[in-house]
Colleague: 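One structure is given below, represented as structure tokens, and several questions about it will come after.
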Amino acid sequence: MAAYPGTPATEILEYASRLPEMYSEWSVNEKVSLEVCIGASLAGSRALCAMKHVGLNVASDALLTQTLIGVGGGLVIAVADDVGLSSSQNEQDSRFWGRFAHVPVLEPSDAQEAYNLTRFAFDLSEQFNTPVILRMTTRICHVKGVVTTSERRPHNSGVGFQKDPARLVMIPTNAKHRIPLMYQREERLQQYSEESELNFIKEGSDSRIGFVTSGPVYMHIQEAYPEAPILKLGMSYPVPLEKIRAFAAEVGQLVVAEEVEPILELEIKAAGVRVLGKEILPRIGELAPQVLRPAIGPLIGEAPADKPTPTQSRANVPEVKVPPPPPGSSLFPRPPTMCVACPHLGIYYCLSKIRNKSISGDIGCYTLGAGHPWNALDTTICMGASMGVALGLDKGRTDVDKEQKIIAVIGDSTFMHMGMQGLLDITYNRGNVTILLLDNRAVGMTGGQDNPGSGRDIHGEVSPRVNFAKLCEALGVKPERIHEVNPYELPTMFKALREEVKIEDTSVIITNQPCVLVDFYAAKPPLRVEDEKCTGCKNCLDVGCPAIYVTRRETVVKPNGKEKELAFVRIESSACTGCNLCPSTCGPDAIVPVENFVRR
């Protein structure tokens, strides 16, 4: 197995890596992970790569050629769509890739099916000589449940890698002969889908509405409309259109409920079957029962959702009346923020003090720098985009921006994933960009996984560690323009940043402190505020550390007649790790170490 960490798919490889008899690795990006699995498949082994939905964009170059080649051992691509955008920059629907690559798509609706369909996917891959997409969502990846396992079946093709240039070397003359074979395979898969037990009808006594669905929406429909018949597609591509046509004839109104794009809906309508879909259902987010009922209810004469109605989730269950919450009891908004003592805090504190700047950001924990109190990111698009966007801001600037300082912010794992090419482009085209390369020795946003910059592999074994300074120099950055700094030393950090943005050349500032959540982070004695010294200046709040909280506010009138708001603070010592960022901002030296503290 191979993967690149990405929510909601990260845990797939983390758990699989516990199997000592199976090779597993964190790859540098999703394209590489798929290519590693392609090689293993061609060598005769079964292989699975895992990624989140945007990762399949990165891996698609390999996928769209491999579909012509086929497989050796079974090849499965487990892709997790972030329906509801819990931790992603978009909500794209990976089912499109099945159509684009002409490969089957399987969709589990619960934990048991995730297990069953993964096993089945390998058999299907080998039976039809095709990669198989196992499409999941956040709901599936983050659910917990009891799963009944089957007996393990050892797989060994025994034939090894078979050289076959006409099949494996995809030059145009070979590829054009493989394309008809791909279409023939798709026709066989179409017939298989029509007959497969993965696509089954759950009978229901109320046929006024019938549903076609796949994935976890199947469970939501059963909760919202337990008496409705459902055609559940475990193999959602190729679409079993004749089975759907026959099912539609047995119900009053056919509704297709899918997350998130109207893919099935458009194909069913194109086949001439009358169906409702996104006309009544939202095109964003999960189709949970509370979303389904207001949309479906009017079709069967149920009262609108804003009027009192009997419970619809289960038959013969008395309605439970829940009293409304008392006024003012709603949860206080809690925007996402960085961890206590995060090494990125000092970086964004310094960036917020730089004037006349445009900052292109990237994907990672540090994306939070766009928020309060720093407001220190201007763009975030996709993995590695900070590099190219920064160069574009530099080369595309007009006279109104000629004095703007162009800064790019990127993390260590993201830099290795897709940023290195961008830096090479900056140096090759002589860009005037200052790059902040935040090396926290982990893939922090997804839970602190190791990467080539941490010096450990997925099993915690020592591995070669990337030297980012040498890497940047190899990519064309002048040695005198590469600086390694401790982000907790604010004066040093600010000095390096202020000097480099003034120089019309490519510069790289590498920060060198680990993520506070990794096992080798060394916490120091915590800090506290001496109340009698605190002047309420609020400077420490600009660091953005969540361990610092305001105890009271007051407004005073300055000698010049202007009002000034003061905020007196304290530090939650049980959370503080003594990073010493906030003392650097405190003029009256009111922040001091906790005496005789013993960390447990």
Side-chain angles (χ1 to χ4, degrees), residues 64 67 81 83 92-109 117 124 127-128 130-135 137 179-204 206-218 220-222 225 228-284 287 292 295-296 298-300:
L64 293 177
T67 185
D81 287 5
V83 177
Q92 69 191 52
D93 194 324
S94 294
R95 294 178 299 161
F96 277 117
W97 290 111
R99 280 93 178 147
F100 200 2
H102 305 279
V103 299
V105 178
L106 307 181
E107 294 192 67
S109 60
L117 289 184
L124 186 68
Q127 179 181 349
F128 287 92
T130 179
V132 174
I133 292 176
L134 181 72
R135 190 255 187 169
T137 68
I179 292 174
L181 299 177
M182 177 185 69
Y183 289 136
Q184 292 171 18
R185 180 188 70 202
E186 190 172 34
E187 291 176 1
R188 298 196 307 274
L189 282 164
Q190 176 73 54
Q191 185 59 40
Y192 183 88
S193 180
E194 293 283 358
E195 301 169 357
S196 174
E197 294 181 355
L198 297 178
N199 300 327
F200 63 88
I201 295 173
K202 184 194 83 72
E203 302 292 347
D206 186 355
S207 61
R208 291 176 297 170
I209 295 284
F211 293 92
V212 177
T213 192
S214 61
V217 186
Y218 175 64
H220 297 322
I221 293 172
Q222 289 190 90
Y225 292 98
I230 306 171
L231 173 51
K232 195 266 190 187
L233 304 182
M235 183 175 180
S236 65
Y237 186 78
V239 182
L241 290 171
E242 295 309 312
K243 184 173 286 188
I244 293 172
R245 194 188 308 276
F247 178 70
E250 301 298 322
V251 299
Q253 175 64 62
L254 184 65
V255 175
V256 57
E258 54 187 324
E259 296 171 343
V260 285
E261 297 284 352
I263 301 177
L264 289 172
E265 176 187 341
L266 293 177
E267 295 185 20
I268 293 170
K269 286 179 175 178
V273 178
R274 188 175 64 89
V275 64
L276 291 176
K278 296 303 180 182
E279 303 99 324
I280 59 174
L281 292 168
R283 201 166 171 171
I284 181 172
L287 298 182
L292 290 168
I296 303 300
L299 297 178
I300 53 178

Colleague: To the nearest 0.5 Å, tell me how far E258 CD sits from R283 CZ.
Modeller: 9.5 Å
Colleague: Y237 and E107: side chain to side chain donor-acceptor pair (under 3.5 Å), yes or no, with the steps?
Modeller: CA-CA 9 Å; Y237 186 78; E107 294 192 67; over 6 Å; no
Colleague: Hey, what do you get for CE (M182) to NE2 (H102), rounding to the nearest 0.5 Å?
Modeller: 4.0 Å
Colleague: Identify whether the distance between the nearest side-chain nitrogen and carboxylate oxygen of K243 and E194 falls below 4.0 Å.
Modeller: no
Colleague: Give a yes or no answer on whether the side chain of S94 reaches the backbone of D81 with a donor-acceptor pair at less than 3.5 Å.
Modeller: no
Colleague: Between E279 and K269, does any side-chain N to carboxylate O distance fall below 4.0 Å?
Modeller: yes
Colleague: Would you say that more than 12 heavy atoms from the other residues, nucleotides or ligands in this model lie under 6.0 Å from the CD of E195, or not?
Modeller: yes
Colleague: What is the distance from atom CD1 of I296 to atom CZ of R208, rounded to the nearest 0.5 Å?
Modeller: 12.0 Å
Colleague: Can you measure from CZ (F247) to CZ (F211) and round to the nearest 0.5 angstrom?
Modeller: 9.0 Å
Colleague: Hey, does the side chain of T130 reach the backbone of V103 with a donor-acceptor pair shorter than 3.5 angstrom?
Modeller: no
Colleague: Verify, without hydrogens or angle tests, whether R135 (side chain) and G98 (backbone) share a donor-acceptor contact under 3.5 angstrom.
Modeller: no
Colleague: Strictly distance-based, threshold 3.5 Å: is any side-chain N or O of R95 a donor or acceptor partner for the main-chain N or O of E261?
Modeller: yes
Colleague: Examine distances only and state if a side-chain atom of E267 and a backbone atom of V239 form a donor-acceptor pair shorter than 3.5 Å.
Modeller: no
